[in-house]
Every structure is written in C-alpha cells, then in structure tokens.
Amino acid sequence: MTDSIEYDLIIAGSGLAGLRAAIEAAQKNSKIKIGVVAKTQVMRSHSVSAEGGTAAVIQEEEGDTIESHIYDTVKGSDFLADQDVAERLCQMMPNEIYQLEHWGMPWSRKENGKIDQRNFGGYSFARATYAIDKVGFFEMQTLYDTCQKFDNIEFLNEWFITSIIHDGKQFSGVTAIELSSGTFYTIKGKALIIATGGAGRIYSYSTYSLSSTPDGLDMAYRAGMALKDMEFVQFHPTGVLPSGILITEGARGEGGYLLNKDGERFMKNYAASKMELAPRDIVSRAMMTEMNEGRGFSHDTGVQCMKLDLRHLGDEKIKAKLGGIREISIKFSNIDPADEPIDVRPVCHYMMGGIHTNIDGAGELQGVWAAGEAACNSVHGANRLGANSTSECIVWGKITGSLAVDYIEKEHTVSQFPDHLVVAEEKRIYDGIFRGSGEVNPYEVKQEISDTLNDKAYVYRNESDLIDGLKKIRELKAKTWKHVDDKAKEYNTNFSNVMEIDSMIRVAEVVLIGAINRKESRGGHARTDYPVRDDANFLHHTLAYFDPNEPIMKKHPVTITKYKPVERKY
Amino acid sequence: MEKENKAKEGIKGWINPTKYGKFGIERFAWILMRITGLGLLAYFIGHIYETSHILDGKAVWNASLELTQTTEGHIFLALVIGMCVFHTGNGIRLMLGQMGYGLGKPGRPDYPYKPQSLNMKGKACIYATIGLAALAMWYGMAVMFG
Amino acid sequence: MMLMRESIVMKIHYGTAIGAVFLTVIHILMRMTQDFHESLEYENVIANYEMIGYAIMLELLLILISVHGFNGLRIILLEMRQGPTYEKAITYGCIASMAVLIAYGSRTIIMTSMGMT
Amino acid sequence: MSNISQEISQEKSETVLSPSKSIKLRISRSNPEAGTEEKFDEFVIPVEKYTTVLDAILNVKSHLDHSVAVRYSCRQASCGSCGMKINGKPKLACFTKVSELDTDTITVEPMDNFPIVRDLAVNFTRMFNNHKKVMPYVVRDDSEITPGTGVKEILQTPEDVDKYIQFSSCIKCGLCNSACPTMAMDTSFVGPQALAQAYRYIADTRDKGKNNRLKIIDESHGIWRCHFAGSCSQVCPKGVDPAMGIQLLRSYLLGLRD
Ligand SMILES: Cc1cc2nc3c(=O)[nH]c(=O)nc-3n(C[C@H](O)[C@H](O)[C@H](O)COP(=O)(O)OP(=O)(O)OC[C@H]3O[C@@H](n4cnc5c(N)ncnc54)[C@H](O)[C@@H]3O)c2cc1C
Ligand code: HEM
Ligand code: SF4
Ligand code: F3S
Ligand code: FES
C-alpha cells in the first residue's frame, strides 16, 4: 500500500495563482486544511521571473476606464477572448492591486504616495502597475510571506505530482513523489486547484524557468480534461541573446526603441500609432520580417537579432526603473544598456492555451479548478497583452480559492477511493519510466523536441513546417528513450526530468496539431500560407482530449458580448 | 530529520584561514575580536591573581613581577597591549555600527552590488586599529626593553 | 535559558565596555605619568591603593571588566553548542566565575586599601 | 566517473557539441540518507563565453552523468534555488559565469551550514522556519480589503519605499546563512536571512508589528548572536546587505530609534 496523506484542498503549484488561491481559501475558512504542493520549493516558482507589470485600472481620475481595459484585452486577443471573462478580469483587478498593497507589495510610487503605473504594449492607457522591474518576484514574495500568517496552509516543497485520481466524474486525490526522500504518496483531497503554470520549456529559446514544463497540463490531459487553444504561443519580442532571458516590455514602456540594421525604428512601418508598444505578436512578426528581409544584426553566436536601444533613457532612469534587466543584460550578455543597445530576438514567452475551464476556472471534473497560466479560461484569446497574465493569476487564484472552499463546505457523497488507479499510476511511472529501458539519452530527446518546436512552430508558421515538426515529434516518441539511469531514491531529478520530457511529447503534439488545423492567422498564430484571419471558419476555440493514439480535437464557441470582431489595427 | 537539521560547519568555519581572503577584512576583524577578547580575559584573570600578591608582602610581589621581567614576559605583555588596543578600537567600531552609525543609508541597490555596511570607513577603521595596536606594541616593547 | 532579555544583557555588555574604556585609560595613565618601573614599586602601589578614590576606581574597573569578560565568554560558549542544559550550565558557570573573580579581586583591593598588608 | 557515465556513453548521441574551450568541473557527490560519503567526480566539459556554472553542471547532468543532484529553476538569479560553493565561495551557480572565475578547474560543493539532501542540493527547512518565525508580513488590523468598499492604497512616497526595498530583494537563496560565522556553530541562530526580513517589515511604513517582531528576535539565539562579521552582505547576490539591516534593528532594541 502506498503512503497516503490527506488535505481538504490540494493546490498543485505555488506560483502567483496557487498562492493567491491558498490565501483566499485559508482566509475564508480557517478550518479546512490546505496543502500547497509544488515540484519546486514554494517560493521558487516560475512566477518570480515576471518583470514588467500587472495590469489594472486604478487611475480612473486620470481618465482610465475599466471599459477600455476590457476592450484592449479583447482587441489584443484578436477577438478570440471570451468577452465575459475579460470583463471579469478587468473588474476584479483594481481591488487586487490594493489588496496586494495592503499585504506589503512594494509597488513603485509616485511622488504623492500613490501607486505608479507604466506603459505596456497594446494598451490605450499606461496601466501596468509595477515594482521596479521585478513585479512577479515582489508579488510572489508578498503572497508567500502573507501565507505565513495562516496556520492552515501547509507547504509541500519539492513534491512532484504525477497524476490526478478521480472516479470518472469526481476528484479524489493526486499521486506525488516527495523528491527529497523519493517516496511515492497518495494525497487525498476533496478539491484540487491546478496552478502548475506555463509550459514554455517545450521551446528551446524561451524566457521561462527551467521548471516550466508541461507536466501539470499533461496530468489534467491524461485525466480526461481538455487542453484548449494550445496552438497559440506567445513570442515576446525581446529575449536577450544568447540565453533567452526576458528583457521586459517595460523597457519599451519606459521609452526604449527597437532598431534595425539601418538604425531605423522599423515599427513605424508596422504599427505607426503604437510603434514599439504594439501588442507582442505584432512586434515579434515585425522583427522576424525585418530579419528575413536582411535588416537584422548577426549576434556573435551566429543567430540573427535586432537591437533594443535604451541609451537615451540615461543611466539613472535605467537603474531606477529597469534595474533588473540592467543586471540581466550586464551579466548575461556583457552589455550595459546605458552604453550599448541590447541584442534581442523573439522568444517563447507565454502559452495562451491551457486546461479548459469556464469563467469560474472550473474544469471538466467535479472538484477540480485551474488557475493561472496552466488554465485556459479564454481571457487572452489568441494573444495575451503584457501585464495581463499576473493579473489573471491573481484574479483566478482568488476566485478558484473561494469556490473550492464553497465546494468543500458542501456535503458530498464520496465514492470509494479508486485505489486501483493509484496502483496503475505507480506501474506507469515506476515500470514504464523509472525501470524503463532504452539507449537514447532522454535529455537529448528533450533538446530535440524543443529545437523542433523552435524551428517549426515559431513566430511564422506554415503547413509543411508544422507537419514536419509533428513527424519529428512522433519519431522521437517512438524511440526507446524512456529510462532513468539514476537509481537512487533521494532527490532523483533524473526521474522527474524524464517524466517532464514524457509530458513534453504529448503536449508538443497537441500544439502542432492545433496549429496545423488552424488554417488562418490570428494573434500569436501566424501562418504564411493563410495570412489573414478567417472569422467565418475559425472564430472558435480548439479543444484537445487525450487518447493513447492521437489527441481527439474538438471545437468550442467563443463568447462574444459587446464587441463584434473587427480588423485589428494599431 | 532533527539531527540532520543540525548540520553545521563547526569550528572550521571560524578558524579556516582561507575564509578571510574570501569574506574580507570584516571577517578577519571578527575572529581577531574573539581571540583578543578571550586573550584579554585570560590575562585579566592572571592579572587579578598577580596583583593579589600585594597582600603577601614585598618579596612575593617583587617575585611575581619578576615573572614578566624576562624577554618572553615582555613579549607577552606587548601582546596584551596589542590585544587591548585592537579589542578596544574594534569594539568601539562595532558598537558604533551596532548602534546604527556609519552603515550608510538603506536604498535601492544597483548592480554590481556593493554592500554599504561594509564601507570604506569601516574597513579603514579596522586597518587603523590594527595599525594602532602594532604601534602600541612597538611602543610598549620600547619602554619595557628600554 | 534566559535570566534577562538578551538585549539587556548586551546593553550591559556595551555599557561595561564603554565604562572600561575610560577607566582603563585612567588606570594606564596612572602607570604612564610615573616612570613605568617605578610605578610598580611595592610602596608606590600600596600608596596608590590607599588613595580611596583610586581604590574605588579599581573596584569599579574590576567589576566592569569581569562582567564584560565573562559575558563575552558566555557569548562564545553559547554559540559553540546548543541545548537547554548546556546553556544553563554556561550561564550559571559564567556568573559563578564572574562572582569568584570579583570577590577575589575585591579582597585584594579592600584589604590593601585598608592597609591590611 | 561513476558507472552511470558509462551507461550514458552507450546511449546514442545525436547532438553534436561544439567545444570552444574545455574546463574541468569537480562536483561534490554525496547522499547522506543512503549512507554515501562525500567524494568528488570530475568532468571535462566545453564552455563558451556566456556559459554559467549552472549551465556547466546541467551539461554534465544531460550528457555525462544524469544522477547529479542540483536545485535550479529560473536560471536568472531570481528564484534563489542554485546557491552553492563555487571554488570555495558561496555563490549562485546561474549568476556566475565560468569566464569570470578565471580558472580551468571549477569545484562546486553544497552550501555550508545546511544539511545536505544529496550532492549539491541542501535542506532549507531550518531557514524557512526561521523566516516564518520573524512574522514576515505587514501586520495591521485592516490588512484585508472587502471588495466594493472603495478602499485604496496606503500612501507611501518613493522615499518610504527606499527604506525597505533593498531588504525586500531577498530571494531566500541562503547564501548569507551559509557564510555567517555564527551559523557555522550555532544551529539555533535565526540567521541573517530572517533578520534582514524582520528589518524589511519593520522599516515598512505600513507595518505595525514592530514590537512583536523585536520581542521575537531578542532572545538568546536571536539578533545578538550576530557580531557584524559582514560575510552575509559580502556574499549576498542581490545587494540585500543583511548586516546593515541587522545593525539597524539593533538600534531599535538599544532604544536609539523608534
Ligand atoms: C520571463 C517572464 C516574464 C513575465 N513577465 C510578466 C509580466 O511582467 N506581467 C505579466 O502579467 N506576466 C508576465 N509573465 C507571465 C507570468 O509570469 C506567468 O504567466 C505567471 O507567472 C504564471 O504563474 P502561475 O501561478 O500560473 O504558475 P508558475 O508561477 O509558473 O508556477 C507553477 C507552479 O507549479 C508547480 N508545478 C508544475 N508542475 C508541477 C507538478 N507536476 N507537480 C507539482 N508542482 C508542479 C511549480 O513548482 C510551480 O510552483 C512573464 C512570464 C515570463 C516567462
Ligand atoms: C576596554 C575596552 C573594551 C571594549 C570597548 C570592548 C568592547 C567589546 C565589544 C563591543 C564586544 C562585543 C563584540 C561583538 O558584539 O561581537 C566585546 C566582546 C568581548 N570582550 Fe570586550 N571590550 C573591551 C575590553 C575587554 C576586556 C578587558 C576583556 C577581557 C576581560 C574583554 C573581553 C571580551 C570578550 C571575551 C568578548 C566576546 C568576544 C566576541 O563576542 O567576539 N573585553 N568587547
Ligand atoms: S539576504 Fe541575500 S544571501 Fe541572504 S537569502 Fe536573501 S538574497 Fe540570499
Ligand atoms: S555574517 Fe553573521 S555575524 Fe552578523 S553581519 Fe552577517 S549575520
Ligand atoms: S536558478 Fe534561480 S537563482 Fe539560480
């Protein structure tokens, strides 16, 4: 019999979404036991890397309106966002900014003591609330520290969740490995919030933490929940070379220029009204076009890039407002932005897609919610605006935390715990992976998956590339690579890495199939062979359900309330 | 788990000389402060014992004074002087710091980070104290041998 | 094991240090104003002790340095090993040693100054 | 090299590495729970101008020995995972370039004063508990906002923010604790990390928890076990300067400030 522990509420993932949910739940009912389970140590989640800002309307007296935030979000999404969901985000956000502030968030301030905001791409008002340029880090710290107030929140640091246990309808627990000891556990619970974050490590050139792999998405997918809109991947215009670490959009929000080889602010040819502050998909495409047409630079590692020029901001302003990227740029590319422009290139940065949920974050299993980047409640549609993601994490963290408590407080008829599923899972990971065999190095398989996506499903896509990519992924899948050389129990990251790679294959497949099927260009998904948006045939979401052979693809309608889709121009 | 959580470097972490190159002069001042404190305490106890001989009459008093009238004795006394000067000087620096003076002002740090509390004033103070201690030892030797 | 708040103990530690600085300076100056070797002549020393002000100063210095020194020792020992029994032992051990040293030193000062040599 | 390395060499390799310069990486290996004593494994790996020590270790993990245990995540000095001793000095592996070390042999060991989980990964339980102990959050009665009540921010000027922002930059990497000489002997010491956080919240003009916090750190293994050795600030990769925070905290306790 496997070791077993029990909580009322299990929160998988401790990024912004997970921690916000934990606080909301703990506050709402101090009696329920909450377990926050994360494969990293709790405060080390990917969210600490978020840099630029969190969008919210807090300057109504200066002329900002919630309405405008909603419209910017919907327009930014290329009209694929569910408009009621976008509305919920924008309405709930202002209060959350103040709530974080009351908990200790060190927001940057104006001289008069009020919270300051900066410009961000795609907005018609400067509404990215910031704290220097380490917004996610400070938010994580604020939430982590606030969690310390509550005795009913328990942190399970470095527990790798492998699967969701349910009886076909209702949630009953998860299975997980405690990394430090290597013990396999069943964690029983009444409700689950999945907040396992994005999966951008399926691309090799990526801003994400190395822990941002799709195992969270994959466990929901294997549990029968749909992945939605996975073909929409956001490429941030300014990943620094060669590491791919992000240079925040705030750098352009503060006035930075993008330059091509002729020293020209080329964005004037692509989005004259917004220039460098057009939405990310547009800027990234512009950069790729410039490079493809020979107006890029060649970095000393051999790849093409563009220059991000901050010199005119001056050293003092760079230090005061962009200290984090100054540090990154000096350390990781030997460039002080006050003296030299930074070498940048579009980089995988966000997944608009995720676990299919409704407006409340509820998933397709009873007792399961999803929040944050792992979820796809369709607030971002085909392209997320910068600073809207941390907002999303916080808002749906709060919503799902609260709804999960309501659910737990109600009486439920609980069916017999499906122990056989735990046995099956144990077999899958121990016989199939831990004791698996094969002669191909799994880490090289990982490199190939991520290189494939980088090559074949980057900013611009086309049918033959995507099909090639899919073929390559399937070849890799068929190889005998699934094995773990490290036989120790304790802190066996070789084992967890191979499980991550296993999930990458399945999710990469969904991304590619989704992209092949969507024969149009919308938001982050730009097809050279179908260069225009096609509302008649593709104004719908994509759903993918797990099947051992091949994902089962379905369509899902877009909720349109006030804003009829129009051509998207900046 | 409990036992494991007690992990520590041990006395090595205090006296390992490679530490001082890596962690700077403040760390060196720290270990000197400990050693001189203990040294002074040892001397002080000895000193109290020595002076108590005054009660036993002139002969005993002189005999006990004789103990330090040798070359080794002089060197020992010079060391005590040095320890005393360093401990006092560094003690004053530490007290000022621990009362919040001379640490610089908290504020946004800029990369590359230079800890303000380990500033030149403090470092100069440590070097000066060491210098002063050496001077005092030299002077003491001059008096004693001279 | 806490007899007093650690901050009070440390205030005493700093207070005694500051006090000791002044008194040690006087103590040493007394040696310096006279010829060093002469100052240690038996008769001179006795004469010094018999000045009541000087004797009081010596007594104070004795107390200050003992308190400071043994508290310093306690600090170092406290950091060497942990555990409630151990802590109790060093706290009382240091207090006791301190008391013994003060008593022993006081005996010299009082008896000498009262001319009981 | 361990037998795992041999197994890997039998795996079919499809990526070609482009070596430009090679260094020797010595990794401390141990697994106390399984009873394995510390030993060093040596690997020769190619490095480039931008290769960080973390890249180098992960290169070993991917291609030479999958069993190396190391904690990492953000690879941009934000998450605090990768603290370790690099050539004897506590540093973040992801924030140390091989080129800046200026040597052809790099030795990596787990941080001192933390229990080893395995190889380079250490156990943070004690530090996390100490962090929790100092009440690391803004204490006030009205810290929860009810939506719809129109509550806005508590005003704070940029100068007010400057009073605590540097201490707020702590990524909980533990390097300071591993360098502190008190920590080398005193396992009950709260440590520079937690003390700096106590100061961070006290210095925050929104906070009202000063007295409680001061009481908590004013005990026999609390703040007074710091002797301003400064090693914490010396190694902090984020410019937190815990030594400064600690001394400033003390001025409250000595009654010199309120
Ligand atoms: C470099 C960068 C900068 C960004 N900047 C901004 C910005 O300025 N503004 C903005 O709005 N957005 C920004 N974003 C986006 C935003 O940061 C993310 O979308 C958001 O942080 C995601 O948070 P999360 O809570 O959903 O999950 P994450 O923070 O990604 O956390 C995932 C959690 O799940 C855990 N986990 C995953 N899998 C498992 C498993 N199998 N078992 C157990 N635990 C698991 C992890 O340990 C982790 O705790 C940025 C993103 C990047 C990459
Ligand atoms: C007269 C001037 C003196 C001053 C200004 C002084 C000052 C100090 C200070 C400030 C400390 C605390 C250091 C810390 O916090 O780490 C200290 C520690 C100590 N002092 Fe003194 N002191 C003096 C004399 C003495 C004497 C004469 C003795 C011996 C009897 C002594 C023994 C000690 C010891 C043992 C310590 C503990 C060492 C440590 O914590 O590192 N001091 N002193
Ligand atoms: S204070 Fe600095 S060294 Fe210490 S944990 Fe925080 S960031 Fe790391
Ligand atoms: S290294 Fe330790 S002794 Fe104090 S100044 Fe830092 S905590
Ligand atoms: S990996 Fe995050 S700090 Fe180094």
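Below, read A as the first sequence line, B as the second, and so on, with proteins coming before strands; counting in each chain starts at 1.
- Proximity to chain B (any heavy atom under 4.5 Å) is restricted, for D/Pro90, to the side chain, taken from C-beta onward.
- Each of B/Leu132, B/Leu32, B/Ile81, B/Leu40 was scored for a side-chain contact (heavy atoms from CB on, under 4.5 Å) with B/Phe86, with one residue passing: B/Leu32.
- Salt-bridge formation is not detected for the pair D/Asp119/D/Lys39: no Lys NZ or Arg NE/NH1/NH2 atom is positioned less than 4.0 Å from an Asp or Glu carboxylate oxygen.
- For the 3.5 Å distance criterion, the side chains of D/Asp204 and D/Gln156 qualify, holding a donor opposite an acceptor.
- With hydrogens and angles left out, the side-chain atoms of D/Tyr201 and D/Arg206 include no donor and acceptor closer than 3.5 Å.
- A side-chain donor-acceptor contact under 3.5 Å links D/His131 and D/Gln193.
- Looking at D/Lys89, both its backbone and its side chain come within 4.5 Å of chain B, counting heavy atoms on both sides.
- Ion pairing between a basic and an acidic side chain is recognised when a charged N comes within 4.0 Å of a carboxylate O; B/Lys123 and B/Glu26 show such pairing.
- Contacts between D/Asn177 and chain B at a heavy-atom distance below 4.5 Å are absent for every atom of the residue.
- Of the N and O atoms on the side chains of B/His53 and B/Ser64, not one donor lies less than 3.5 Å from an acceptor on the other residue.
- Only the side chain of D/Val235 has a heavy atom closer than 4.5 Å to any heavy atom of chain B.
- Heavy-atom distances place no part of B/Lys12 under 4.5 Å from chain D, backbone and side chain included.
- For a residue to count as touching a neighbouring chain, one of its non-hydrogen atoms must lie under 4.5 Å from one of that chain's; by this rule B/Ile11 touches chain D with backbone and side chain alike.
- Neither side chain, D/Asn129 nor D/Arg126, offers a donor N or O lying under 3.5 Å from an acceptor on the other.
- For the residue pair D/Asp112/D/Ser178, the side-chain donor-acceptor check at 3.5 Å is not satisfied.
- Neither the backbone nor the side chain of D/Phe189 comes within contact range of chain B; no heavy atom of the residue lies under 4.5 Å from a heavy atom of that chain.
- Of all the listed residues (D/Met185, D/His227, D/Gln234), the one sharing the greatest number of non-hydrogen pairs under 4.5 Å with chain B is D/Met185.
- The greatest number of non-hydrogen atom pairs below 4.5 Å with chain D, out of B/Pro109, B/Pro106, B/Ala29, B/Gly24, is found for B/Pro106.
- The residue among D/Gly230, D/Cys180, D/Gly245 with the most heavy atom pairs within less than 4.5 Å of chain B is D/Gly230.
- Heavy atoms of D/Cys226 lying under 4.5 Å from chain B belong exclusively to its backbone.
- Neither the backbone nor the side chain of D/Tyr252 has a heavy atom closer than 4.5 Å to any heavy atom of chain B.
- For B/Phe28, no part lies under 4.5 angstrom from a heavy atom of chain D.
- Chain D forms more heavy-atom pairs under 4.5 Å with one residue of B/Arg108, B/Arg27, B/Lys19 than with any other, namely B/Arg27.
- When each of B/Tyr111, B/Tyr101, B/Trp14 is scored by its heavy-atom pairs under 4.5 Å with chain D, the top score falls to B/Trp14.
- The closest side-chain donor-acceptor pair between D/Gln247 and D/Arg250 falls under 3.5 angstrom.
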